[in-house]
Amino acid sequence: MADDLGWSDLHCQGNALLDTPSIDRLASQGMRFTNAYAAAPVCTPTRAAMMTGLAPARLAITNHAPGNPDFVSEKTGLRGAQWTTFLSLDHVTIAERLRGNGYQTGFIGKWHLSHRPGRDDDGPLEPRLRPEHQGFDLNIGGCRLGGPPSYFEPYKIPNISPRRDGDYLPERLADEAIAFLKSNRDRPFFLCWWNYSVHYPIEAPQQLIKKYESRAGIKNPGYAAMIEGMDGAIGRVLDSLDQIGQRDTLLLFTSDNGSLFDNLPLRANKGHLYEGGIRVPWIVRWPGRITPGTTCSTPIISMDIVPTILEAVGIAKHGDASDGESLIPLLTQTGTLKRNSIYFHYPNYAFHKRNRLGSAIRQGKYKLIRWYDDGPSELYDLSRDLAEETNLADQHPELTEKLSKKLDAWLTETAARLPQVVDSGS
């Protein structure tokens with residue numbers, strides 16, 4: 001998984017200005033989903049959803065950690081909903097399920113699910129919520145950090161050991177991923193390689209930055225260079241799978257939310273419920289099961305990963321709760337999904353504090369966004385208006401009401417926490 005990679009930030013997603021040959025190759029060998037979504041427009045909720053299969057609203061992990069818990073908008077008088085900043089050990093993760101069934105489990109990269117300030121008699125609380133306590137045999141780099149202090153060693157990430165000053169973080173993490181794959185070449189394994197790239201700070205090798213500085217049309221050479229730098233590291237890991245004879249591995253690539261920068265042709269960016277904040281790249285390769293070079297337009301979401309993996313490896317659910325649905329019928333082109341709607345709940349302020357607090361539902365080609373600042377709901381036909389420029393709510397009042405009621409029912413069923421109106425005199 002990439003961090004903060006936008007929907008249009010890959011060559012195979014239609015961006016001719018960027019060079020991403022490794023991920024393009026992955027797409028040519030597998031299935032690319034064109035209507036794929038992160039569970040939230042920021043990282044921590046999406047990561048929790050991918051670990052558990054539960055919606056951020058149900059987990060009450062609805063914002064990035066540590067977020068802006070005390071911020072109140074002067075314009076609306078709203079404070080964001082209360083939320084949890086870490087994934088409790090009470091939740092069963094996909095890693096715990098797989099390890100319990102004989103898999104070697106590894107985590108490499110950004111975790112951002114252990115932000116719990118404080119101490120007790122045994123020391124700081126945060127390390128006890130890291131991946132090694134959530135079902136992973138190996139953890140390299142997974143901690144409370146939402147971004148690396150530096151992409152060049154010394155990284156100042158507490159659980160990445162020193163090696164060589166100046167090493168680029170994506171390459172270092174690729175080396176760790178390759179070592180894990182080689183050590184488990186003869187055993188079933190599950191690896192989460194969650195890149196810190198392309199999250200801020202914007203840092204990349206100088207030769208890549210210079211390359212994009214000279215390319216017409218590139219607005220942010222550093223960011224473009226980061227994307228290609230990550231792509232190159234991914235290519236090395238893909239080659240390693242081939243070399244150790246594990247090319248038939250089920251492999252999924254996605255992002256945790258939209259880009260911090262422009263997401264054209266989508267509206268807005270990270271931290272917003274418009275498409276630019278939540279629509280992400282999503283590619284799955286599974287040799288022998290997925291027809292190479294295929295695409296799928298069915299809307300899917302982060303919570304689908306857990307049930308998909310469990311079905312793929314033949315592990316019974318045993319009544320496990322899930323807000324996702326297995327994608328196996330889509331991947332193998334043997335059927336469709338049972339659901340007809342996916343939901344989003346972002347009742348908090350992003351780090352930039354520019355977003356409106358809201359919830360959303362997508363059903364078919366339509367998407368309804370409800371705002372908690374008493375503004376009117378917005379309805380978009382995404383098949384004709386990908387940029388969400390024309391609000392159709394007044395033209396389709398019956399559909400708007402129908403989707404609004406479905407959203408109400410989902411918010412109630414998940415016990416979603418809502419923003420709070422703050423008394424101006426308090």
Side-chain angles (χ1 to χ4, degrees), residues 1-2 5 10-13 19-34 36 50 94-95 97-99 101-109 135-138 140 170-195 197 227-255 280-296 300 302 304-315 326-334:
M1 181 166 69
L5 183 74
L10 299 171
H11 193 91
C12 62
Q13 290 283 104
D19 295 332
T20 53
S22 301
I23 301 173
D24 296 350
R25 170 162 52 106
L26 188 66
S28 72
Q29 296 169 343
M31 178 176 286
R32 183 169 59 88
F33 287 84
T34 58
M50 291 179 67
I94 181 62
R97 290 300 311 274
L98 291 169
R99 187 166 70 175
N101 282 269
Y103 281 73
Q104 296 294 307
T105 55
F107 185 91
I108 296 171
F136 289 97
D137 299 309
L138 172 73
I140 297 175
E171 294 294 337
R172 171 64 185 275
L173 297 183
D175 288 343
E176 301 291 353
I178 291 169
F180 175 84
L181 295 176
K182 288 181 175 179
S183 66
N184 293 289
R185 65 196 313 160
D186 298 320
R187 295 181 287 186
F189 63 81
F190 172 64
L191 173 63
C192 280
W193 178 24
W194 288 4
N195 283 281
S197 299
I227 293 172
E228 184 171 341
M230 178 185 67
D231 180 85
I234 289 172
R236 292 181 52 227
V237 174
L238 294 178
D239 291 341
S240 178
L241 282 172
D242 292 344
Q243 293 164 5
I244 66 175
Q246 289 282 12
R247 192 179 183 280
D248 60 345
T249 298
L250 170 61
L251 193 153
L252 185 146
F253 173 83
T254 189
S255 178
V280 293
W282 189 305
I283 300 166
V284 185
R285 188 184 79 178
W286 196 9
R289 302 296 298 273
I290 293 176
T291 302
T294 51
T295 59
C296 180
I300 60 173
S302 304
D304 296 334
I305 289 175
V306 169
T308 299
I309 292 175
L310 292 179
E311 182 175 351
V313 302
I315 297 178
S326 172
L327 303 177
I328 297 298
L330 301 180
L331 296 173
T332 58
Q333 301 183 58
T334 58

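Looking at heavy atoms from C-beta onward, R236 lies in side-chain contact with D175 at the 4.5 angstrom threshold. Between L251 and L26, the closest side-chain pair of non-hydrogen atoms falls below 4.5 Å. The shortest side-chain heavy-atom distance between V284 and T308 does not fall under the 4.5 Å cut-off. Side-chain contact between V313 and F190 is absent, with no heavy atoms from C-beta onward closer than 4.5 Å.
For R172, the salt bridge (charged side-chain N to carboxylate O under 4.0 Å, His left out) criterion is met by E153, E176, not counting sequence neighbours. With sequence neighbours excluded, no residue forms a side chain to side chain donor-acceptor pair (under 3.5 Å) with S255. With sequence neighbours left out, the side-chain contact (heavy atoms from CB on, under 4.5 Å) criterion links A233 to P170, E171, A174, W193. A search for side-chain contact (heavy atoms from CB on, under 4.5 Å) contacts involving P21 returns D19, D231, not counting sequence neighbours. With sequence neighbours left out, S183 forms a side-chain contact (heavy atoms from CB on, under 4.5 Å) with no residue at all. Take T332 and apply the side chain to side chain donor-acceptor pair (under 3.5 Å) test, not counting sequence neighbours, and it matches T334. Take R289 and apply the salt bridge (charged side-chain N to carboxylate O under 4.0 Å, His left out) test, not counting sequence neighbours, and it matches no residue. The side-chain contact (heavy atoms from CB on, under 4.5 Å) search around L138 returns I140, F180, not counting sequence neighbours. Residues passing the ring-ring contact (aromatic ring centres under 6.0 Å, His included) test with F107 are W111, F136, W194, sequence neighbours excluded. Legend: residues meeting side chain to side chain donor-acceptor pair (under 3.5 Å) with S326, ordered by chain and number and at least two apart, are E311.
When all heavy atoms are compared, the tightest approach of T20 to H11 is OG1-N, 2.9 Å. In terms of heavy atoms, I178 sits closest to S240 at CG2-OG, 3.4 Å. Considering all non-hydrogen atoms of both residues, C12 and D24 come closest at N-OD1, 3.0 Å. For L10 against P281, the heavy-atom pair with the smallest separation is CD1-CB, 3.8 Å. Nearest heavy atom pair, residue A177 against residue L191, reads CB-CD2, 4.0 Å. Between M230 and A2, the closest heavy-atom pair is SD-CB, 3.7 Å.
Within the structure, the salt bridge (charged side-chain N to carboxylate O under 4.0 Å, His left out) test picks out the following pairs touching residues 240-254 (sequence neighbours left out): D242-R247. Applying the salt bridge (charged side-chain N to carboxylate O under 4.0 Å, His left out) test to pairs two or more places apart or on separate chains, none has a residue in residues 183-192.
Of the inter-residue distances, the one linking M1 atom CE with N195 atom CG reads 9.5 Å to the nearest 0.5 angstrom. Atom CD1 of I328 and atom CD1 of I309 lie 9.5 Å apart (nearest 0.5 Å). To the nearest 0.5 Å, the span separating CG on L252 from CH2 on W282 amounts to 6.0 Å. Atom OG1 of residue T254 and atom CD1 of residue I300 lie 7.5 Å apart, to the nearest 0.5 angstrom. Here the CG atom belonging to D137 is positioned 5.0 Å from the CD atom belonging to Q104, to the nearest 0.5 angstrom. Here the straight-line distance linking atom CD1 of I315 with atom CG of N101 works out to 3.5 Å at 0.5 Å rounding.
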Q: Start with the C-alpha distance between L241 and R285, add both sets of side-chain angles, then the distance that settles side chain to side chain contact (heavy atoms under 4.5 Å, CB included), and finish with yes or no.
A: CA-CA 12 Å; L241 282 172; R285 188 184 79 178; 4.1 Å; yes
Q: For the pair F33 and D304, evaluate side chain to side chain contact (heavy atoms under 4.5 Å, CB included) and give the outcome as yes or no after the intermediate values.
A: CA-CA 13 Å; F33 287 84; D304 296 334; over 6 Å; no
Q) Can I305 and I94 be said to form a side chain to side chain contact (heavy atoms under 4.5 Å, CB included), step by step? A) CA-CA 9 Å; I305 289 175; I94 181 62; over 6 Å; no
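The only member of L327, T294, T291 that meets side chain to side chain contact (heavy atoms under 4.5 Å, CB included) when paired with M31 is T294.
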